[in-house]
Amino acid sequence: MQNESQLIKARKEKLQKLIEMGVNPYPAKAKRTNLIADILAESEKFIKEEKGVVLVGRIRSLRKMGKVSFFHLEDKSGKIQIYIRRDDVGENNYTIFKQCDLGDFVNVFGKVFYTQTGELSIHTEKFCFLTKSIRPLPVVKEIEEEGKKVFYDQFVDKELRYRKRYLDLLLNPEVKETFITRSKIIKMMREFLDNKDFIEVETPILQPQYGGAEAQPFITKHNKLDMDLYLRIADELYLKRLIIGGFEKVYEVCKDFRNEGMDRMHNPEFTMIELYQAYADYNDIMNLVEEMLTEIAKEISGGLQFEYDGAQIDMTKPWKRASIISLIKEYANIDIEKMTLEEMIDFCKQNEIELEIKTYGKIIDEIFKHFVEPNLIQPIFVTDYPKEISPLAKSKPDNPDIVERFEIFISGLEIGNAFTELNDPIDQRARLENQTEKRKLGDLSANEVDEDFLEAMEYGMPPTGGLGLGVDRIVMLFTNSHSIKDVIFFPQMRSV
RNA sequence: GGGCCAGUAACUCAGUCGGUAGAGUAUCGCCCUUUUAAGGCGAGAGUCGAAGGUUCGAAUCCUUUCUGGCUCACCA
């Protein structure tokens with residue numbers, strides 16, 4: 001792009017001029033005595049003591065005049081105005097300063113004072129380059145009007161924001177806040193679980209056989225071993241091996257990979273927290289996750305009420321708990337338990353619900369998605385799913401077709417999935433073999449039988465409750481983000 | 001995969017009925033010693049996402065295509 005090189009050329013010329021003047025534009029060392037926030041917080045003290053301060057940061061606005069200039073310096077803690085006068089720093093140094101552009105990193109030595117217009121500033125005594133930038137940042141101007149920040153020419157192109165996240169972070173301050181919140185949430189989850197004597201573990205991302213969820217995997221290859229490996233779609237089967245191995249409470253913060261569609265709720269790689277607790281069932285897990293998420297809400301949102309996507313969410317305990325069948329009764333006005341398969345298929349036809357697979361479990365799932373899911377705004381545990389769509393969960397004692405499983409929905413987002421884990425090796429083998437049958441019939445999301453996992457279970461797995469939480473979606477909820485792309489630094493994009 | 005919308009200067013955007021492209025900011029030059037979307041004067045900067053077509057002539061009309069957004073469906 002010729003025009004771009006025109007802008008870059010101008011900066012490279014300045015760089016050259018600095019070198020000719022004997023200035024190192026990329027020195028190895030920087031000095032700093034204070035964070036900018038320190039000065040903003042205790043400005044009066046700094047002014048009174050007339051103590052020199054040394055600041056580092058990046059030039060974020062620049063007003064050059066003939067013999068005096070102003071710019072704003074930004075470090076991680078904040079922004080402050082810098083005042084620099086030719087007669088204070090000398091002709092030569094002022095010429096050096098004039099080679100500055102927006103985006104350069106500089107070292108400023110000076111004293112704190114107020115300008116005539118009343119803005120706290122640094123009166124520069126000495127000035128050094130730390131990094132000369134040769135590519136111009138997009139121009140965004142910012143002013144404060146009645147206490148509110150108003151932006152001009154804001155950097156809004158979503159594609160550029162996702163592809164060049166470093167620019168998005170620099171130019172849209174709320175983006176940084178979102179990711180700081182993300183970090184806090186994950187930290188709190190770890191602390192919460194650590195305090196309950198869970199231990200954090202790591203299990204393979206590269207797996208010879210994938211499982212633990214219904215999804216298509218990414219396939220890769222180990223050259224020396226000459227074998228195909230899969231990027232994990234879930235951690236479940238390995239974490240259960242650890243329970244078999246004697247750990248009683250384990251969790252993993254895990255990147256999982258699913259080779260399927262992308263939309264505002266799905267990114268090919270995403271973050272889950274999976275946890276397993278021996279001698280617990282799905283009721284215990286419900287209590288655990290309810291406590292964890294309400295604690296996070298208190299900390300992050302400052303209370304149990306907050307807004308998401310235009311709706312007021314109230315996380316006050318206890319959350320509603322209702323079986324999928326009772327919810328269908330409530331919202332679709334039908335009693336699944338008293339209907340035959342034929343009647344259910346008819347019902348779907350009447351309501352224009354398309355069925356690809358006409359089995360009991362699948363139909364219940366479809367009716368639920370159509371009638372119930374859109375109504376689930378407030379936090380709710382949807383419980384007791386059909387066995388057919390839950391091959392790793394234990395059946396209810398009173399109904400072999402229903403399993404002890406729940407999903408958490410908040411504001412229509414499915415943010416968690418949990419069950420009382422199936423620990424009967426004979427039943428587990430039958431269910432996994434049934435999956436293989438489905439796969440042979442063309443269901444690419446169904447898994448192959450993991451013989452090693454079954455063998456492990458044959459040695460004995462204690463009764464266990466397990467949970468998978470969609471971390472990205474939880475972050476979306478607490479940061480009022482509409483798309484998963486807004487809570488992942490570098491979301492997957494097509495190559496250009 | 002379907003529907004709708006968008007893509008024009010580094011950024012944000014105009015561009016009428018088809019007549020070979022504009023503004024603000026940014027950049028460059030000059031002036032400017034407390035400015036703050038600094039200001040004044042002047043200058044340069046574009047493969048109009050890409051390809052093909054219609055036309056004397058296309059940013060504009062048609063077709064195809066790429067990228068992104070929103071949304072519906074599906075998977076999770």
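Worth saying up front: this structure is predicted, and the values here are computed from it rather than measured. By convention in this document, chain letters (A, B, ...) are assigned in the order of the sequence lines, proteins followed by strands, and residues within each chain are numbered from 1.
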Counting only heavy atoms and a strict 4.0 angstrom limit, can you tell me which residues of residues 159-169 of chain A come near RNA chain B?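 Residues of residues 159-169 of chain A under 4.0 Å from RNA chain B: A/Glu159, A/Leu160, A/Tyr162, A/Arg163.
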Among residues 67-76 of chain A, which ones have heavy-atom contacts with RNA chain B below 4.0 Å?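 Correct list: A/Lys67, A/Val68, A/Phe70, A/His72.
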Give me the distance, rounded to whole Å, that separates [N] from [M] when you measure between the [atom1] atoms they each carry.
{"N": "B/rA59", "M": "B/rC48", "atom1": "P", "answer": "7 Å"}
{"N": "B/rG22", "M": "B/rA38", "atom1": "P", "answer": "27 Å"}
{"N": "B/rC13", "M": "B/rC17", "atom1": "C1'", "answer": "23 Å"}
{"N": "B/rG2", "M": "B/rC74", "atom1": "C1'", "answer": "12 Å"}
{"N": "B/rA73", "M": "B/rC61", "atom1": "P", "answer": "32 Å"}
{"N": "B/rG7", "M": "B/rA14", "atom1": "P", "answer": "8 Å"}
{"N": "B/rG15", "M": "B/rA51", "atom1": "P", "answer": "24 Å"}
{"N": "B/rA21", "M": "B/rU25", "atom1": "P", "answer": "22 Å"}

I want to check one thing: is the phosphate of [N], taken as OP1 and OP2, less than 4.0 Å away from some side-chain N or O of [X]?
{"X": "A/Arg63", "N": "B/rA38", "answer": "yes"}
{"X": "A/Lys14", "N": "B/rC28", "answer": "yes"}
{"X": "A/Lys141", "N": "B/rA38", "answer": "yes"}
{"X": "A/Lys369", "N": "B/rC75", "answer": "yes"}
{"X": "A/Arg258", "N": "B/rC75", "answer": "no"}
{"X": "A/Lys64", "N": "B/rU36", "answer": "no"}

Could you give the [atom1]-to-[atom2] distance, from [X] to [N], as a whole number of Å?
{"X": "A/Ile8", "N": "B/rC28", "atom1": "CD1", "atom2": "P", "result": "13 Å"}
{"X": "A/Gln81", "N": "B/rA38", "atom1": "CD", "atom2": "P", "result": "10 Å"}
{"X": "A/Glu373", "N": "B/rA76", "atom1": "CD", "atom2": "C1'", "result": "11 Å"}
{"X": "A/Ile59", "N": "B/rU36", "atom1": "CD1", "atom2": "P", "result": "19 Å"}

State which of [options] makes the closest approach to the side chain of [X].
{"X": "A/His482", "options": "B/rU71, B/rG68, B/rA76", "value": "B/rU71"}
{"X": "A/Tyr152", "options": "B/rA76, B/rU36, B/rA37", "value": "B/rA37"}
{"X": "A/Val156", "options": "B/rU35, B/rC75, B/rC13", "value": "B/rC13"}
{"X": "A/Asp153", "options": "B/rC74, B/rU25, B/rU27", "value": "B/rU25"}
{"X": "A/Lys158", "options": "B/rA76, B/rG69, B/rU36", "value": "B/rG69"}
{"X": "A/Val139", "options": "B/rU27, B/rU34, B/rU25", "value": "B/rU25"}

For A/Phe270 and A/Gln492, take the nucleotide of RNA chain B holding the closest heavy atom to each; which residue's nucleotide lies nearer the 5' end?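 Comparing both residues, the 5'-ward one is A/Gln492.
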On RNA chain B, nearest-nucleotide positions of A/Tyr114 versus A/Glu214: which is more 5'?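 Residue closer to the 5' terminus by nearest nucleotide: A/Tyr114.
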My understanding is that a pair needs two contacts under 3.5 Å, Watson-Crick or G-U wobble. By that rule, which nucleotide pairs with B/rA6?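 Its partner is B/rU67.
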Measure from the ring center of [X] to the ring center of [Y] and say whether it is less than 6.0 Å.
{"X": "A/Tyr83", "Y": "A/Phe113", "result": "yes"}
{"X": "A/Phe419", "Y": "A/Phe406", "result": "no"}
{"X": "A/Phe127", "Y": "A/Phe97", "result": "yes"}

Taking atom types as modelled, find out whether A/Asn480 and A/Glu307 have a side-chain donor-acceptor pair closer than 3.5 angstrom.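 Not at all, the side chains of A/Asn480 and A/Glu307 share no donor-acceptor pair under 3.5 Å.
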Establish, from distance only, whether the side-chain atoms of A/Thr464 and A/Gln277 form a donor-acceptor pair under 3.5 Å.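 Result is no, nothing qualifies.
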Is it true that [X] and [Y] make a salt bridge, defined as a side-chain N closer than 4.0 Å to a carboxylate O?
{"X": "A/Lys111", "Y": "A/Glu125", "value": "yes"}
{"X": "A/Glu74", "Y": "A/Arg58", "value": "no"}
{"X": "A/Arg405", "Y": "A/Glu407", "value": "yes"}
{"X": "A/Glu142", "Y": "A/Lys79", "value": "yes"}

Apply salt bridge (Lys or Arg N to Asp or Glu O under 4.0 Å) to residues A/Lys240 and A/Glu236 and explain how you reach the verdict. CA-CA 6 Å; A/Lys240 283 180 180 169; A/Glu236 176 144 358; 2.8 Å; yes
Quick one: which residue pairs count as a side-chain hydrogen bond (donor to acceptor under 3.5 Å, both in side chains) with a foot in residues 360-382 of chain A, not counting sequence neighbours?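 For residues 360-382 of chain A: none.
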Quiz item: [X] side-chain donor-acceptor pair to [N] base, under 3.5 Å:
{"X": "A/Glu119", "N": "B/rU34", "result": "no"}
{"X": "A/Thr115", "N": "B/rU35", "result": "yes"}
{"X": "A/Asp157", "N": "B/rC11", "result": "no"}

Does NZ or CZ of A/Arg165 lie under 6.0 Å from the centre of the six-membered ring of A/Phe490, at an angle within 45° of the ring axis?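 Negative - A/Arg165 is either too far from the ring of A/Phe490 or too far off its axis.
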Assign A/Ala215 to base, sugar-phosphate, or nothing according to its heavy-atom contacts below 4.0 angstrom with the strands shown.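 Counting heavy atoms under 4.0 Å across all strands, no contact is made by A/Ala215.
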